[in-house]
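To keep things clear, I will list the structure first and then write my remarks on it.
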Amino acid sequence: WIDLEAPTADEVQQVAREFSIDPRVTEDMLSPTPRPRAERYGEHVYVVLHFPVWKHTHQLSPHQEIDFVLSKKFIITAHYDTIDALHKYAKIFEVETILNKESLLDASSIFSHILTKLYKSVGYELEYLHDTLKQIEHKIFSGDERAMVAELSRMSRECLSFKRALSLHDEILEGMKFMASDLFRQLPEHLWASFQEYARVADALDSRIEELTELRETNNSLVST
């Protein structure tokens with residue numbers, strides 16, 4: 001597993017030469033990709049996914065992009081922000097290596113483990129959103145309904161940002177199962193846990209959006225009154 005954090009163009013090119021990565025993938029890794037995607041290039045698969053962040057971010061962007069390159073003998077991750085979930089999994093990976101369990105891992109299982117950690121991290125972000133909505137609710141019924149109009153608009157923007165970032169993940173992962181089944185025979189099995197975590201996050205996000213909608217309707221009624 002090669003993890004590239006804020007790599008220079010020379011570092012990306014060096015890794016690309018070492019692992020014979022398609023030049024089109026190398027070019028895409030050097031700049032942000034606006035939409036998630038998964039494509040097959042010969043013996044490796046290139047995946048781009050965006051993960052929403054709110055509290056746990058080290059930059060101003062509401063999304064963290066991670067590029068994955070998977071092959072039978074390696075997996076490469078590239079990102080331009082410090083991603084806490086990746087650091088946490090790196091520690092687990094290091095322990096498994098020390099315990100000689102790396103033989104049980106392949107690129108598809110590492111990919112799945114990373115995804116599961118990332119979705120759990122998004123779940124924590126949604127818990128912060130839930131707590132903030134509870135604080136807004138308290139202020140609405142404490143006579144601060146006018147001041148909460150702007151706060152509710154800000155929270156609506158955050159929820160839409162989360163929805164936009166996660167909207168195509170299930171399609172990307174489902175497509176990967178067909179695209180790379182010959183490279184990674186256990187990919188569907190490995191991705192099952194990631195799908196489960198994604199489903200939990202998607203349900204939690206829908207619940208936050210419902211909470212927000214109800215609060216906005218209540219607040220608008222109070223302001224009108």
Side-chain angles (χ1 to χ4, degrees), residues 32-38 47-68 79-89 112-176 191-225:
T33 306
R35 290 177 59 82
R37 51 190 275 216
V47 185
V48 178
L49 293 173
H50 299 92
F51 294 86
V53 285
W54 186 38
K55 288 290 186 182
H56 296 93
T57 182
H58 303 271
Q59 294 184 1
L60 296 177
S61 173
H63 299 162
Q64 291 177 324
E65 176 183 326
I66 306 180
D67 294 7
F68 301 87
H79 48 97
Y80 291 84
D81 189 9
T82 299
I83 299 177
D84 296 338
L86 271 182
H87 280 284
K88 290 178 181 177
Y89 178 66
S112 176
H113 290 158
I114 290 174
L115 281 184
T116 302
K117 286 288 183 186
L118 289 166
Y119 289 135
K120 285 183 178 179
S121 179
V122 174
Y124 299 144
E125 298 285 331
L126 289 172
E127 289 178 9
Y128 278 106
L129 284 175
H130 175 68
D131 292 342
T132 302
L133 288 174
K134 285 297 181 183
Q135 294 171 11
I136 291 174
E137 180 181 12
H138 175 74
K139 291 179 180 179
I140 286 174
F141 291 104
S142 298
D144 292 334
E145 63 273 8
R146 288 185 182 275
M148 290 302 102
V149 172
E151 281 297 306
L152 286 167
S153 295
R154 184 173 69 88
M155 294 303 297
S156 178
R157 184 181 62 192
E158 295 293 344
C159 286
L160 287 174
S161 178
F162 272 60
K163 192 80 172 178
R164 192 179 300 116
L166 296 171
S167 61
L168 296 176
H169 280 220
D170 52 345
E171 294 182 21
I172 296 292
L173 298 181
E174 194 67 41
M176 274 190 69
L191 285 180
W192 185 84
S194 301
F195 270 114
Q196 294 293 103
E197 200 62 45
Y198 171 82
R200 279 192 283 269
V201 167
D203 288 344
L205 177 57
D206 288 340
S207 297
R208 298 296 84 79
I209 292 174
E210 288 178 9
E211 287 178 47
L212 176 63
T213 301
E214 292 178 4
L215 282 177
R216 291 191 74 165
E217 290 176 355
T218 301
N219 197 65
N220 288 341
S221 297
L222 288 172
V223 171
S224 299
T225 302

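Model, not experiment: these values are computed from the prediction. All values below were derived from every heavy atom in this structure, side-chain atoms included, with hydrogens, water molecules and symmetry-related copies excluded.
Going from atom CZ of Phe51 over to atom CG of Leu115 covers 5.5 Å, rounded to the nearest 0.5 Å. The CZ atom of Arg208 sits 9.5 Å away from atom CE of Met155, with the distance rounded to the nearest 0.5 Å. Summarising the geometry, atom CD belonging to Glu125 is positioned 15.0 Å from atom NE2 belonging to His130; distances are rounded to the nearest 0.5 Å. Note that OG1 of Thr132 and CG of Leu126 are 11.0 Å apart. Values are rounded to the nearest 0.5 Å. A distance of 4.0 Å separates CG in Asp170 from OH in Tyr198, rounded to the nearest 0.5 Å. Atom SG in Cys159 sits 8.5 Å away from atom CD in Glu211 (nearest 0.5 Å).
Under the 4.5 Å side-chain criterion, counting only non-hydrogen atoms from C-beta, Tyr124 is not in contact with Val122. No side-chain heavy atom of Glu137 sits less than 4.5 Å from a side-chain heavy atom of Leu133. Side-chain contact between Lys117 and Leu86: absent, with no pair of heavy atoms (C-beta onward) separated by less than 4.5 Å.
Applying the 6.0 Å contact sphere to CZ of Arg146 captures no more than 12 heavy atoms from other residues, nucleotides or ligands.
The two residues Ala193 and Thr116 make their nearest non-hydrogen contact at C-OG1, 4.0 Å. Closest of all the heavy-atom pairs between Arg35 and Val48 is O-CG1, 4.3 Å. Across every non-hydrogen atom of Val47 and Ile172, the tightest pair is CG1-CG2, 4.1 Å. The minimum heavy-atom distance between Leu205 and Leu166, with the atom names listed, is CD2-CD1, 4.3 Å. Minimum interatomic distance between Leu129 and Glu158 (heavy atoms only, all atoms of both residues): CD2-CB, 4.2 Å.
With hydrogens and angles ignored, the 3.5 Å screen pairs a side-chain donor or acceptor of Ser224 with a backbone N or O of Asn220. Listed for the Ser194 side chain is a donor-acceptor partner under 3.5 Å among the backbone atoms of Ser112.
Side-chain contact of Ser161 with His63: a donor-acceptor pair under 3.5 Å is present, judged by distance alone. Asn219 and Glu145 share no side-chain donor-acceptor pair at under 3.5 Å. No hydrogens or angles considered: nothing links the side chains of His50 and Gln64 as a donor-acceptor pair under 3.5 Å.
If you run ring pair (Phe, Tyr, Trp, His ring centres under 6.0 Å) between His169 and each of Phe195, Phe162, Tyr119, only Tyr119 comes through.
With sequence neighbours left out, Lys163 forms a side-chain hydrogen bond (donor to acceptor under 3.5 Å, both in side chains) with Asp206. By the side-chain hydrogen bond (donor to acceptor under 3.5 Å, both in side chains) test, Ser156 is found to be paired with Arg216, residues two or more places apart in sequence or in another chain being considered. When the side-chain hydrogen bond (donor to acceptor under 3.5 Å, both in side chains) test is applied to His138, no partner is found at least two apart in sequence or on another chain.
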message: For a side chain to side chain contact (heavy atoms under 4.5 Å, CB included) check, start with the C-alpha distance between Ile136 and Ile140, then their side-chain angles and the critical distance, and finish with the verdict.
response: CA-CA 6 Å; Ile136 291 174; Ile140 286 174; 3.9 Å; yes
query: Is there a side chain to side chain contact (heavy atoms under 4.5 Å, CB included) between Leu118 and Ile83 once you walk through the steps?
result: CA-CA 9 Å; Leu118 289 166; Ile83 299 177; 3.8 Å; yes
